[in-house]
J.: 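Dropping a structure here in structure tokens format, bear with me for questions.
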Amino acid sequence: MRILITPTSLSRTPEAAVLAPLRQLADELVFNTLGRPLTSAELAEALQGVDGVIAGLDAYDSAALAGADRLRVISRYGVGVNNVDLEAAAARGIHVTRTPGANASAVAELAIGLAFAVAREIPRLHAEVTQGGWPRGSGIELSGRTLGVVGFGAIGRIVADRARGLGMQVVAYDPFVPASGISATGATAVNLDELFRQADVVSLHVPLLDSTRHVADAGRIASMKPGSILLNTSRGGLIDEAAARAALDSGHLFGVGLDAYETEPPQDSPLLGHPRVVATPHSGAHTAEAVERMSTGSIRNLIDELSGRPSEHRV
């Protein structure tokens with residue numbers, strides 16, 4: 001049996017103890033040595049002769065899966081499956097699993113961290129002090145302001161909880177969560193456009209679908225209060241980056257915090273390098289605790305499926 005492992009955080013440590021169950025199961029473990037997610041073409045070649053894969057953010061589209069002559073399981077190392085063509089996988093009899101909740105706290109904490117970093121200009125102040133300067137900050141306080149949470153799943157709920165602990169009011173939108181479920185947490189349910197109008201800080205926590213692409217578009221960004229903050233720790237493509245850049249340049253947005261981009265790495269992003277943008281490398285799930293949970297969960301799911309036991313987290 002041959003297992004492919006593509007997440008960069010696992011591929012860097014092929015002898016890690018967490019991989020022991022896979023070494024016992026498989027004849028060979030194959031690792032992603034490129035230090036980034038694999039393209040469709042690279043994946044098509046890598047999947048040949050592979051029975052199962054611990055899958056990162058690689059492009060599991062129909063072209064990649066066409067070369068998967070033995071593949072039975074795609075076990076996502078994480079919660080999102082928007083990079084997996086589920087119809088193509090189903091057509092080939094490939095089961096797809098995920099690890100819901102494993103990285104929720106990690107991503108939520110990064111969202112709050114980005115809010116503080118943007119609001120208090122922490123990266124700029126740090127850089128100037130380390131270069132011998134003694135700059136003046138011109139930040140804003142989060143306490144007393146309103147946070148808008150777009151997507152009230154596991155991550156969005158934790159972000160809302162942390163924000164209330166900071167003295168923020170919370171409004172939330174999620175078409176799949178009833179208003180009573182949102183209000184039970186202390187947040188207020190609103191529609192999407194109202195959320196953008198009311199919130200001082202908008203944090204995005206939805207998957208990238210046709211219905212959510214550019215959910216923060218030019219119109220909604222323009223409707224935000226002057227001096228607001230926009231955060232994305234979910235998936236690239238949720239923000240119209242050109243519109244956000246224009247709002248930053250005009251001073252309409254106070255700042256933007258990003259962990260996900262239209263293309264990754266984001267060399268061509270109009271937001272990259274702007275003094276009011278704090279950017280991290282899609283690292284929301286990269287804490288020791290989250291890596292441990294995603295590793296053990298994705299490995300357990302893969303072993304269950306390859307052993308003929310349907311995983312409880314099969315998509």
Side-chain angles (χ1 to χ4, degrees), residues 57 79-83 107-108 110-112 114-115 117-119 140 145-153 155-156 159-160 163 168-177 179 182 187-282 284:
L57 295 171
V79 63
V81 292
N82 57 286
N83 59 321
V107 176
L110 179 62
I112 295 295
L114 285 173
V118 172
I140 59 175
R145 297 181 184 268
T146 298
L147 171 73
V149 180
V150 181
F152 212 62
I155 297 171
V159 171
M168 300 185 77
Q169 290 79 47
V170 179
V171 295
Y173 166 80
D174 192 316
F176 302 106
V177 179
I182 292 175
T188 300
V190 295
N191 66 46
L192 185 58
D193 292 332
E194 186 62 28
L195 182 146
F196 275 85
R197 288 193 293 267
Q198 285 191 23
D200 299 288
V201 180
V202 172
S203 192
L204 306 177
H205 301 285
V206 293
L208 180 63
L209 308 169
D210 289 342
S211 60
T212 61
R213 182 173 294 278
H214 287 186
V215 66
D217 59 13
R220 290 194 178 111
I221 291 173
S223 75
M224 295 173 70
K225 297 176 184 177
S228 296
I229 293 172
L230 181 60
L231 307 172
N232 182 17
T233 54
S234 185
R235 288 289 184 267
L238 299 180
I239 295 176
D240 182 334
E241 294 186 356
R245 173 61 188 250
L248 285 166
D249 288 343
S250 71
H252 180 67
L253 283 178
F254 181 87
V256 174
L258 294 174
D259 191 47
Y261 310 83
E262 291 261 18
T263 58
E264 296 182 352
Q267 290 95 339
D268 297 327
S269 171
L271 294 173
L272 204 65
H274 192 284
R276 291 285 187 176
V277 173
V278 178
T280 53
H282 209 138

J.: In Å, rounded to the nearest 0.5 Å, how long is the span from OG1 of T233 to CD1 of I155?
T.: 6.5 Å

J.: Hey, what do you get for CD1 (I229) to CG (L114), rounding to the nearest 0.5 Å?
T.: 10.0 Å

J.: If you measure from CG on L192 to OH on Y173, what distance do you get to the nearest 0.5 Å?
T.: 5.5 Å

J.: Is there a donor-acceptor contact under 3.5 Å linking the side chains of N232 and H205?
T.: no

J.: Could you pull out the closest heavy-atom pair between R245 and L271, with the gap in Å?
T.: N-CD2, 3.6 Å

J.: Just by modelled atom types, is the G284 backbone N or O under 3.5 Å from a matching donor or acceptor in the D259 side chain?
T.: yes

J.: Rounded at 0.5 Å granularity, tell me how far CG in L231 sits from CG in L204.
T.: 7.5 Å

J.: Is the shortest side-chain heavy-atom distance between L272 and Q267 below 4.5 Å?
T.: no

J.: Does S269 reach the main-chain N or O of P266 with its side chain, forming a donor-acceptor pair under 3.5 Å?
T.: no

J.: For a quick check under 3.5 Å, do Q198 and T146 share a side-chain donor-acceptor pair by atom type?
T.: no

J.: What are the two closest non-hydrogen atoms of S203 and V159, and how far apart are they?
T.: OG-CG1, 4.4 Å

J.: Within the side chain of R220, is there an N or O that forms a donor-acceptor pair under 3.5 Å with the backbone of V215?
T.: yes

J.: Run the side-chain contact (heavy atoms from CB on, under 4.5 Å) test on N82 and R235 for me, step by step, so that the C-alpha distance in whole Å, both residues' side-chain angles and the decisive distance to 0.1 Å come before the verdict.
T.: CA-CA 9 Å; N82 57 286; R235 288 289 184 267; 2.9 Å; yes

J.: Is any side-chain heavy atom of I182 less than 4.5 Å from a side-chain heavy atom of V171?
T.: no

J.: Do the non-hydrogen side-chain atoms of R197 and M224 ever get within less than 4.5 Å of each other?
T.: no

J.: When you compare the side chain of T188 with that of V170, does any pair of heavy atoms fall below 4.5 Å?
T.: no

J.: With a 3.5 Å distance limit and no angle check, can you tell me whether T212 reaches the backbone of P207 through a side-chain donor-acceptor pair?
T.: yes

J.: Can you name the nearest heavy-atom pair linking Y261 to E241, along with the distance?
T.: CA-OE2, 3.6 Å

J.: Which atom names give the shortest non-hydrogen contact between I140 and G227, and what distance separates them?
T.: CD1-O, 4.3 Å

J.: In Å, rounded to the nearest 0.5 Å, how long is the span from CD of E262 to NE2 of H214?
T.: 3.5 Å

J.: About how many Å separate CG of L238 and CG of D217, when rounded to the nearest 0.5 Å?
T.: 11.5 Å

J.: For side-chain contact (heavy atoms from CB on, under 4.5 Å), just list the numbers for M168 and V201, CA-CA rounded to whole Å, side-chain angles, deciding distance to a tenth of an Å, and then say yes or no.
T.: CA-CA 10 Å; M168 300 185 77; V201 180; 4.2 Å; yes

J.: Heavy atoms only: give me the nearest D240-I221 pair and the separation to one decimal.
T.: O-CD1, 4.2 Å

J.: V118 and R276: side-chain contact (heavy atoms from CB on, under 4.5 Å), yes or no, with the steps?
T.: CA-CA 7 Å; V118 172; R276 291 285 187 176; over 6 Å; no

J.: Classify the side-chain pair T280/H282 by whether it contains a donor and acceptor separated by less than 3.5 Å.
T.: no

J.: Dump the intermediate steps for side-chain contact (heavy atoms from CB on, under 4.5 Å) on L195 and V150, then the final yes or no.
T.: CA-CA 8 Å; L195 182 146; V150 181; 3.6 Å; yes

J.: Restricting to non-hydrogen atoms, name the atom on F152 and the atom on D174 that form the minimum distance, rounded to 0.1 Å.
T.: N-OD2, 2.7 Å

